[in-house]
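Working notes, beginning with the structure itself.
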Protein chains: 2
Amino acid sequence: MLISELSKRTGLSTHTLRYYENYGLFKGVTDEKVKTNNYKQYDESLVEKLELIKEAKEIGFTLSEIKKLLDSWFSKRLSVEKKVEILETKIKEIDGKIHQLKQVRKFLVEGIEDVRKGDC
Amino acid sequence: MLISELSKRTGLSTHTLRYYENYGLFKGVTDEKVKTNNYKQYDESLVEKLELIKEAKEIGFTLSEIKKLLDSWFSKRLSVEKKVEILETKIKEIDGKIHQLKQVRKFLVEGIEDVRKGDC
DNA sequence: TTAAAGCATAGACTATACTCTATACTTTCA
DNA sequence: TGAAAGTATAGAGTATAGTCTATGCTTTAA
């Protein structure tokens with residue numbers, strides 16, 4: 001598919017998609033058979049990949065972190081052990097974030113009680 | 001305490017603290033009795049407040065969101081019901097974030113299995 | 001008492017992640 | 001066939017959240 005369809009499918013603007021592509025998060029390919037233009041084709045699988053990128057961004061990962069994760073994931077020069085290690089590190093980070101969210105949540109729940117009691 | 005002590009206590013640079021103060025997240029007071037300078041005094045309670053701000057930032061809240069939350073919290077013109085409503089909305093947001101984190105976590109756990117099986 | 005360190009304010013600069021504009025070429029469709 | 005819409009590239013502009021520098025005054029400690 002071309003970029004405008006990818007845009008429709010993912011909900012990301014063509015600007016953002018090009019920004020991500022230049023950033024190195026994914027790559028479109030120009031069809032060698034077509035000589036008249038250099039339009040890039042984007043693979044179906046990119047839709048899912050971009051959904052993951054969106055999700056990762058929303059939970060606070062930077063593009064740089066996402067890139068590192070994707071690079072290691074699809075890299076052929078990394079050993080299985082190294083890949084697993086990178087993923088496990090990220091999982092620990094996520095667990096840390098969940099813990100922090102629960103902390104703040106607790107704080108807000110207490111806040112509601114304080115407000116109800118008229119403590120502030 | 002003065003700004004440098006607040007900086008030491010919170011781990012935030014004086015630059016960042018001044019930025020936050022200008023942003024309206026808190027306020028220091030100049031001692032009216034001292035005429036020679038306009039040094040600002042920061043209250044003990046700010047240490048805890050700033051810890052909360054740090055935590056809220058780490059879990060992805062923007063300064064704007066944090067400001068709104070603090071403003072409503074300490075506002076006298078808001079009704080108890082309105083305050084509770086604002087807090088409950090934030091709690092729902094946090095629950096949403098926890099859900100997203102768990103999604104991505106699941107994805108990464110599956111990723112480890114794929115890597116171990118040699119699927120990528 | 002004077003040099004060093006601290007304080008305040010203002011404004012410039014930086015990084016991240018877009019977002020928009022300009023230009024030029026290509027495709028599509030009435 | 002020609003206007004509208006799509007594509008590519010480059011570069012400028014924006015918002016957020018700092019971070020740094022300059023200037024000038026104040027306090028502190030040798």
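Since we're looking at a predicted model, the values are computed, not measured. Residue numbering restarts at 1 for every chain, and letters A, B, ... go by the order of the sequence lines.
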(Q) Counting the atoms with a prime plus P, OP1 and OP2 as sugar-phosphate, which does A:Thr14 contact under 4.0 Å by heavy atoms, base, sugar-phosphate, or nothing? (A) nothing

Q. Chain A on DNA chain D: first and last contacting nucleotide, 5' to 3', under 4.0 Å to a heavy atom?
A. D:dG6 to D:dT9

Q. Are the side chain of B:Gln41 and the backbone N or O of B:Val29 linked by a donor-acceptor pair below 3.5 Å?
A. no

Q | Lys/Arg-Asp/Glu bridge criterion (N-O < 4.0 Å) met for A:Asp43, A:Lys49 | A | no

Q) Between C:dA17 atom P and A:Leu12 atom CG, what is the distance in whole Å? A) 14 Å

Q: Scan side-chain atoms only and decide if B:Glu21 and B:Tyr42 contain a donor-acceptor pair under the 3.5 Å cut-off.
A: yes

(Q) At under 4.0 Å between heavy atoms, how does the protein contact nucleotides 20-26 of chain C? Give one character per nucleotide, 5' to 3', with B, S or -. (A) BB----B

Q: With a 4.0 Å heavy-atom cut-off, tell me which residues in residues 19-34 of chain B come close to DNA chain D, sorted by residue number.
A: B:Tyr19, B:Tyr20, B:Tyr23

Q: Tell me what B:Ser13 touches on the nucleic acid: a base, only sugar-phosphate, or nothing, going by heavy atoms under 4.0 Å.
A: nothing

Q.
Without decimals, in angstroms, what is the distance between B:Leu2 CG and C:dA8 P?
A. 7 Å

Q: For residues A:Glu65 and A:Lys90, determine if any side-chain heavy atom of one lies less than 4.5 Å from a side-chain heavy atom of the other.
A: yes

Q.
Has B:Thr89 got a side-chain atom pairing as donor or acceptor with B:Glu85's backbone, closer than 3.5 angstrom?
A. yes

Q. Side-chain heavy atoms under 4.5 angstrom apart, residues restricted to Ile, Leu, Val, Met, Phe, Trp, Tyr: same cluster for A:Leu2 and A:Leu6?
A. no

Q | A:Lys54, NZ: over 12 other non-hydrogen atoms inside 6.0 angstrom | A | yes

Q: Answer yes or no: is there a donor N or O on one side and an acceptor on the other, between the side chain of B:Lys83 and the main chain of A:Val115, under 3.5 Å?
A: no

Q: Give a yes or no answer on whether the side chain of B:Ser7 reaches the backbone of B:Leu12 with a donor-acceptor pair at less than 3.5 Å.
A: yes

Q: Would you mind telling me which of B:Glu44, B:Glu51, B:Glu48 makes a side chain to side chain donor-acceptor pair (under 3.5 Å) with B:Arg9?
A: B:Glu44

